[in-house]
Amino acid sequence: MSLVSAGTIEIPDSPGTAFDHGAFEPESRRVFVAHMARDRLEVVDADTNRHVATLHGFPEAAGVVAGEGRVLVTNRGSASVVLVDAHTLETQIVLNTGPRPNGVAFVSPLHVAVVACIGDESHKPQLQVLGLEGDRQWSIDLPGRPRWCVVDAKAERVFLAIREPSMVLVARLPELNGVQHWLLPSGGAHGMDINHGAGLLYVACDGHLLVEVDAESGEMRRDWTLAGVPDATFFNPKSELVHVAIGDPGLIQSIDPRTGASMQFITAAGAKTTALIEPDRLYVFSPLHNGILDLRGA
């Protein structure tokens with residue numbers, strides 16, 4: 001389960017900046033990175049490990065998900081979510097959201113985006129479902145600040161990490177009804193991913209704990225201590241490892257839920273988000289590496 005460095009990928013104007021989420025889009029073989037501090041979306045070719053484009057006009061780009069030749073990007077600075085063609089890099093539609101959209105999920109069978117909005121002084125945090133033709137919308141108020149969200153394999157439910165009170169909020173799609181609150185044993189639910197095959201959620205909490213949750217019942221199964229405050233969290237279905245990015249002191253902690261084994265790979269301070277490229281690569285977005293640290297063996 002060891003990770004090894006295969007080099008770095010330079011992204012223009014990276015020193016002293018900040019990245020947020022990124023995602024690998026399998027059809028185009030591209031990785032899309034939210035360059036939050038520069039209001040951009042960066043595009044990297046995963047086969048050649050080269051930066052190929054910078055897309056402007058993404059104010060405070062935050063959440064990114066990708067699949068089926070499309071990319072969704074949330075923009076905190078413009079209260080919007082943008083659908084981008086992964087091949088042509090053209091914007092297909094811009095949808096208005098609540099203030100400060102953060103976590104995002106793409107629900108292909110329903111042709112909708114799920115967007116978790118942090119809110120502001122005059123707007124409560126909200127979870128929204130938006131039709132990608134701009135024709136449908138559902139929303140619910142949230143009990144706390146939202147972080148990341150994922151959808152189950154049948155596209156029937158969304159799971160959302162709420163910081164405080166630390167929980168997984170569960171709602172049925174697309175109407176966001178049948179809401180449940182699964183309280184977690186550690187504060188600050190943050191990064192999250194799902195093992196579709198086993199029906200298990202992995203939630204990394206600010207309280208230095210990775211929690212395994214049964215995605216059907218909400219039962220807390222197991223937990224593992226983390227080396228710091230986590231951010232991006234990915235489950236690799238090939239290796240069955242969970243990779244958690246920790247920006248301070250700067251490392252990737254890889255946990256094998258089957259054995260409980262844990263290993264750390266030192267990255268750099270501020271390297272808090274990643275993108276998984278199945279079956280065995282992990283991009284770590286790191287300003288101190290001038291862009292991306294490319295890890296193999298994921």
Side-chain angles (χ1 to χ4, degrees), residues 9 11-12 14 18-97 100-117 128-134 147-151 155 158 173 191-194 231-234 245 273-278 281-285 291-292 294:
I9 304 165
I11 291 178
S14 289
F19 299 106
D20 211 319
H21 291 92
F24 172 62
E25 199 293 299
E27 287 188 8
S28 63
R29 302 289 303 169
R30 289 169 166 173
V31 176
F32 294 81
V33 186
H35 201 160
M36 173 179 276
R38 305 288 189 242
D39 299 335
R40 304 170 185 166
L41 185 66
E42 308 289 357
V43 186
V44 175
D45 186 300
D47 292 331
T48 63
N49 280 344
R50 296 181 64 181
H51 178 268
V52 295
T54 292
L55 308 183
H56 298 272
F58 293 82
E60 296 180 48
V64 182
V65 291
E68 300 185 1
R70 292 179 288 182
V71 185
L72 282 172
V73 185
T74 56
N75 300 305
R76 290 186 189 175
S78 60
S80 66
V81 60
V82 181
L83 181 66
V84 178
D85 186 297
H87 299 279
T88 67
L89 304 182
E90 294 180 354
T91 294
Q92 295 183 324
I93 192 170
V94 180
L95 301 172
N96 294 327
T97 69
R100 302 172 67 202
N102 188 36
V104 60
F106 174 49
V107 191
S108 176
L110 303 177
H111 202 56
V112 300
V114 180
V115 183
C117 301
Q128 300 179 330
V129 173
L130 306 173
L132 292 177
E133 299 89 358
R147 267 134 161 208
W148 201 244
C149 57
V150 295
V151 174
V158 59
L173 294 168
M192 178 166 58
D193 205 357
I194 186 168
D231 200 313
T233 301
F234 279 103
T273 53
T274 56
L276 177 68
I277 306 168
E278 296 181 31
R281 298 164 65 193
L282 191 72
Y283 277 1
V284 182
F285 310 129
I292 297 172
D294 179 15

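For the numbers below, each heavy atom of this structure counts, side chains included, while hydrogens, waters and symmetry mates do not. What you see is a predicted model, and the numbers here were worked out from it, not measured in a lab. Nothing fancy with the numbering, it's 1 onward along the sequence.
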Name all residues meeting the side-chain hydrogen bond (donor to acceptor under 3.5 Å, both in side chains) criterion together with [X]; count only those two or more places apart in sequence or in a different chain, and write none if there are none.
| X | answer |
| --- | --- |
| Asp294 | Asn49, Arg296 |
| Arg30 | none |
| Asn75 | Ser80 |
| Gln128 | Gln126 |

Work out which heavy atom in [X] is nearest to a heavy atom in [Y]; give both atom names and the distance.
| X | Y | result |
| --- | --- | --- |
| Ala46 | Val31 | CB-CG2, 4.3 Å |
| Ala105 | Val151 | CB-CG2, 3.8 Å |
| Val104 | Val65 | O-CG1, 3.2 Å |
| Ala62 | Ala34 | O-CB, 3.4 Å |
| Ile9 | His51 | CG2-N, 4.0 Å |
| Leu110 | Ala155 | CD1-O, 3.8 Å |

Just how far is it from atom [atom1] of [X] to atom [atom2] of [Y], taken to the nearest 0.5 Å?
| X | Y | atom1 | atom2 | result |
| --- | --- | --- | --- | --- |
| Asn96 | Leu130 | CG | CG | 9.0 Å |
| Leu41 | Leu55 | CG | CG | 5.0 Å |
| Thr233 | Ile194 | OG1 | CD1 | 13.5 Å |
| Thr74 | Leu95 | OG1 | CG | 12.5 Å |
| Ser78 | Asp39 | OG | CG | 9.0 Å |
| Ile292 | Thr274 | CD1 | OG1 | 11.0 Å |

For [Y], does its backbone N or O pair with a side-chain atom of [X] as donor and acceptor, under 3.5 Å?
| X | Y | value |
| --- | --- | --- |
| Ser28 | Pro26 | no |
| His56 | Phe58 | no |
| Thr91 | Val84 | no |
| Thr273 | Phe285 | no |

Any pair with a residue in residues 18-40 that passes ring-ring contact (aromatic ring centres under 6.0 Å, His included), sequence neighbours left out, goes on the list, sorted by first then second residue, please.
->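 Qualifying pairs: Phe19-His35, His21-Trp148.
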Please name all residues satisfying side-chain contact (heavy atoms from CB on, under 4.5 Å) with Asp85, sequence neighbours left out, ordered by chain then number.
->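 Asp85 satisfies side-chain contact (heavy atoms from CB on, under 4.5 Å) with His87, Thr88, Gln92 only.
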Apply side-chain contact (heavy atoms from CB on, under 4.5 Å) to Ala37 and list each qualifying residue two or more places apart in sequence or on a separate chain.
->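 Ala37 satisfies side-chain contact (heavy atoms from CB on, under 4.5 Å) with Thr17, Ala18 only.
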Got a sec, which residues hit salt bridge (charged side-chain N to carboxylate O under 4.0 Å, His left out) with [X], two or more places apart in sequence or on another chain?
| X | value |
| --- | --- |
| Arg40 | Asp13 |
| Arg50 | none |
| Glu133 | Arg136 |
| Glu68 | Arg70 |

Is any side-chain heavy atom of Pro101 closer than 4.5 Å to a side-chain heavy atom of Val115?
->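 In contact.
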Passes side chain to side chain contact (heavy atoms under 4.5 Å, CB included), Val33 versus Val64? Steps please.
-> CA-CA 7 Å; Val33 186; Val64 182; over 6 Å; no
Between Asn102 and Arg147, do the side chains contain an N or O donor and an N or O acceptor separated by less than 3.5 Å?
-> no
What salt bridge (Lys or Arg N to Asp or Glu O under 4.0 Å) pairs are there with at least one residue in residues 51-61, not counting sequence neighbours?
->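 Pairs touching residues 51-61 that pass the test: none.
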